[in-house]
Amino acid sequence: MAAYTRFFAYLTVVFVAFMFVNGLFCKNPMAVTADDFFANGLDKSGDTNNRLGSAVTPVAAAQLPGLNTLGISIARLDFAPYGLIAPHLHPRATEVFTVLEGTIYVGFVTSNQPDNRPNKLFAKVLKKGDVFVFPQGLIHFQLNVGKTPAFAISALSSQNPGVVTVGNAVFGSQPPISIDVLAKAFQLDANVVKLLQSKFCASA
């Protein structure tokens with residue numbers, strides 16, 4: 001009986017050592033301070049001087065520990081003129097997107113449909129004060145279609161929403177996905193796949 005108890009205690013220790021709450025440990029409640037519930041900086045524009053002309057400033061549990069386990073986070077999205085947040089998805093969150101300045105073309109694509117029907121695009125041009133929702137796990141994008149900078153705020157239904165940028169994941173993974181796989185999947189010449197991989201690996 002004593003041996004069984006020790007073994008059970010060992011398993012419990014191992015389980016707790018590797019236990020996460022949506023990817024993050026909970027902080028010891030006795031060590032929590034007011035700063036764990038505070039973040040600043042969303043009044044400042046992100047650096048959009050990059051190849052896509054966009055920047056995302058997240059406030060999730062990694063930046064604001066007090067969000068852990070609460071199932072919510074927020075982000076500021078900045079766009080240079082014609083800046084793009086490339087097609088991506090959030091595996092653990094729905095996103096509510098609110099435009100605060102500028103004109104932004106947004107959209108998401110449905111999951112695969114029965115009977116081989118095409119995936120459907122839901123898209124709209126948003127102006128200041130407009131709100132759009134991107135359902136959890138669906139590919140979506142945001143493009144500034146104006147001649148001036150734009151910015152928006154996104155609320156997400158997870159403290160750790162995650163993000164998968166489609167192009168980076170498919171063409172920029174390390175090690176790379178087989179050229180044969182990508183050429184057949186996208187019906188592309190192998191040389192085109194190599195070119196795409198070189199662009200995304202160079203930008204990673």
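Scope of the values below: all heavy atoms of this structure, side chains included, with no hydrogens, waters or symmetry mates.
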Engineer: Is it true that Phe122 and Val145 fall in one hydrophobic cluster, defined by side-chain heavy atoms closer than 4.5 Å?
Structural biologist: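 No: no chain of side-chain contacts under 4.5 Å links Phe122 to Val145.
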Engineer: Check for me, please, whether Leu64 and Leu77 land in the same ILVMFWY cluster - side-chain distances under 4.5 Å, paths through other members count.
Structural biologist: no
Engineer: Does any part of the side chain of Phe141, heavy atoms only, come nearer than 4.5 Å to the side chain of His88, both counted from C-beta?
Structural biologist: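 His88 does not reach Phe141 side chain to side chain.
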Engineer: Enumerate the residue pairs fulfilling side-chain hydrogen bond (donor to acceptor under 3.5 Å, both in side chains) with a member in residues 174-187, sequence neighbours excluded, ordered by first and then second residue.
Structural biologist: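 Of all non-adjacent pairs touching residues 174-187, none passes side-chain hydrogen bond (donor to acceptor under 3.5 Å, both in side chains).
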Engineer: Yes or no on side chain to side chain contact (heavy atoms under 4.5 Å, CB included) for Leu156 and Ile74, after CA distance, side-chain angles and deciding distance?
Structural biologist: CA-CA 6 Å; Leu156 299 112; Ile74 196 170; 6.0 Å; no
Engineer: In the structure I gave you, are the side-chain heavy atoms of Thr94 and Ser157 within less than 4.5 Å of one another anywhere?
Structural biologist: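 They are in contact (side-chain heavy atoms under 4.5 Å apart), so the answer is yes.
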Engineer: Looking at side-chain heavy atoms only, is the closest gap between Ile179 and Lys194 below 4.5 Å?
Structural biologist: yes
Engineer: Please tabulate, for side-chain N and O atoms in residues 127-136, each donor-acceptor pair with protein atoms closer than 3.5 Å (sequence neighbours left out).
Structural biologist:
{"residue": "Asp130", "atom": "OD2", "partner": "Lys127", "partner atom": "N", "Å": "2.7"}
{"residue": "Gln136", "atom": "NE2", "partner": "Pro91", "partner atom": "O", "Å": "3.1"}

Engineer: Can you name the side-chain contact (heavy atoms from CB on, under 4.5 Å) partners of Asp189, sequence neighbours left out?
Structural biologist: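 Expected list: Asn191, Val192.
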Engineer: If you take all heavy atoms of Ala80 and Asn144, which pair is closest and at what distance?
Structural biologist: O-ND2, 2.9 Å
Engineer: Mark yes or no for whether Asn68, through its side chain, and Ala61, through its backbone, hold a donor-acceptor pair below 3.5 Å.
Structural biologist: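 Not confirmed, Asn68 side chain does not pair with Ala61 backbone.
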Engineer: In chain order, what residues pass the side chain to side chain donor-acceptor pair (under 3.5 Å) check against Ser154, with sequence neighbours excluded?
Structural biologist: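 Side chain to side chain donor-acceptor pair (under 3.5 Å) list for Ser154, sorted by chain: Glu95.
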Engineer: Rounded at 0.5 Å granularity, tell me how far CG in Leu188 sits from CG in Leu196.
Structural biologist: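 Leu188 CG to Leu196 CG: 7.0 Å, rounded to 0.5 Å.
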Engineer: For the CD atom of Gln63 and the CD atom of Gln159, what is their distance to the nearest 0.5 Å?
Structural biologist: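 The CD atom of Gln159 is 12.0 Å from CD of Gln63, to the nearest 0.5 Å.
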Engineer: With the side chain counted from C-beta on, respond yes when Asn168 and Phe200 share a heavy-atom pair under 4.5 Å apart, and no when they do not.
Structural biologist: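 Side-chain contact under 4.5 Å: yes.
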Engineer: Quick one: are Leu138 and Ser111 in side-chain contact, heavy atoms under 4.5 Å?
Structural biologist: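 Yes; the side chains approach each other to less than 4.5 Å.
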Engineer: Quick one: are Ser73 and Ser158 in side-chain contact, heavy atoms under 4.5 Å?
Structural biologist: no
Engineer: If a pair satisfies salt bridge (Lys or Arg N to Asp or Glu O under 4.0 Å) and one of its residues is in residues 146-165, list it, with sequence neighbours excluded.
Structural biologist: none
Engineer: Does anything in residues 71-85 pair up under salt bridge (Lys or Arg N to Asp or Glu O under 4.0 Å), and if so which pairs, sequence neighbours excluded?
Structural biologist: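 Residue pairs passing salt bridge (Lys or Arg N to Asp or Glu O under 4.0 Å), neighbours aside: Arg76-Asp78.
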Engineer: Hey, are the side chains of His140 and Gln142 touching, using non-hydrogen atoms and a 4.5 Å cut-off?
Structural biologist: yes
Engineer: Is there a side-chain contact between Thr57 and Leu42, using heavy atoms and a 4.5 Å cut-off?
Structural biologist: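 A side-chain contact exists here, since the closest heavy-atom pair is under 4.5 Å.
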Engineer: Restricting to pairs with a member in residues 103-120, which pass salt bridge (Lys or Arg N to Asp or Glu O under 4.0 Å), not counting sequence neighbours?
Structural biologist: none
Engineer: Using the rule that two of Ile, Leu, Val, Met, Phe, Trp, Tyr join whenever any of their side-chain heavy atoms come within less than 4.5 Å, decide whether Val181 and Phe186 are in one cluster.
Structural biologist: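 They do share one cluster, since a chain of ILVMFWY contacts under 4.5 Å joins Val181 to Phe186.
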Engineer: Check the hydrophobic clustering (I, L, V, M, F, W, Y; side-chain heavy atoms under 4.5 Å; chains of links allowed) and say if Val32 and Leu70 are grouped together.
Structural biologist: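 Different clusters: Val32 never reaches Leu70 through Ile, Leu, Val, Met, Phe, Trp or Tyr contacts under 4.5 Å.
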Engineer: Show every donor-acceptor pair shorter than 3.5 Å between a side-chain atom in residues 96-106 and any protein atom, with sequence neighbours excluded, or say none if there are none.
Structural biologist:
none

Engineer: When clusters are formed by joining ILVMFWY residues with side-chain heavy atoms under 4.5 Å apart, either directly or through shared neighbours, do Leu126 and Ile85 land in the same one?
Structural biologist: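 Linked, Leu126 and Ile85 end up in one cluster.
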Engineer: For Ala86 and Leu52, work out which heavy atoms get closest and say how close.
Structural biologist: CB-CD1, 4.0 Å
Engineer: Test of understanding: with side-chain contact (heavy atoms from CB on, under 4.5 Å), list the residues that count as partners of Leu195, not counting sequence neighbours.
Structural biologist: Ser198, Lys199
Engineer: Can you list every salt bridge (Lys or Arg N to Asp or Glu O under 4.0 Å) pair that touches residues 25-48, not counting sequence neighbours?
Structural biologist: Lys27-Asp36
Engineer: What residues form a side-chain contact (heavy atoms from CB on, under 4.5 Å) with Ile139, not counting sequence neighbours?
Structural biologist: Pro87, Leu89, Val166
Engineer: Applying ring-ring contact (aromatic ring centres under 6.0 Å, His included), can you list everything that pairs with Phe37, at least two apart in sequence or on another chain?
Structural biologist: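 With sequence neighbours excluded, Phe37 shows a ring-ring contact (aromatic ring centres under 6.0 Å, His included) to no residue whatsoever.
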Engineer: Indicate yes or no for a side-chain donor-acceptor contact from Gln197 to the backbone of Ser173 under 3.5 Å, with no hydrogens or angles considered.
Structural biologist: no
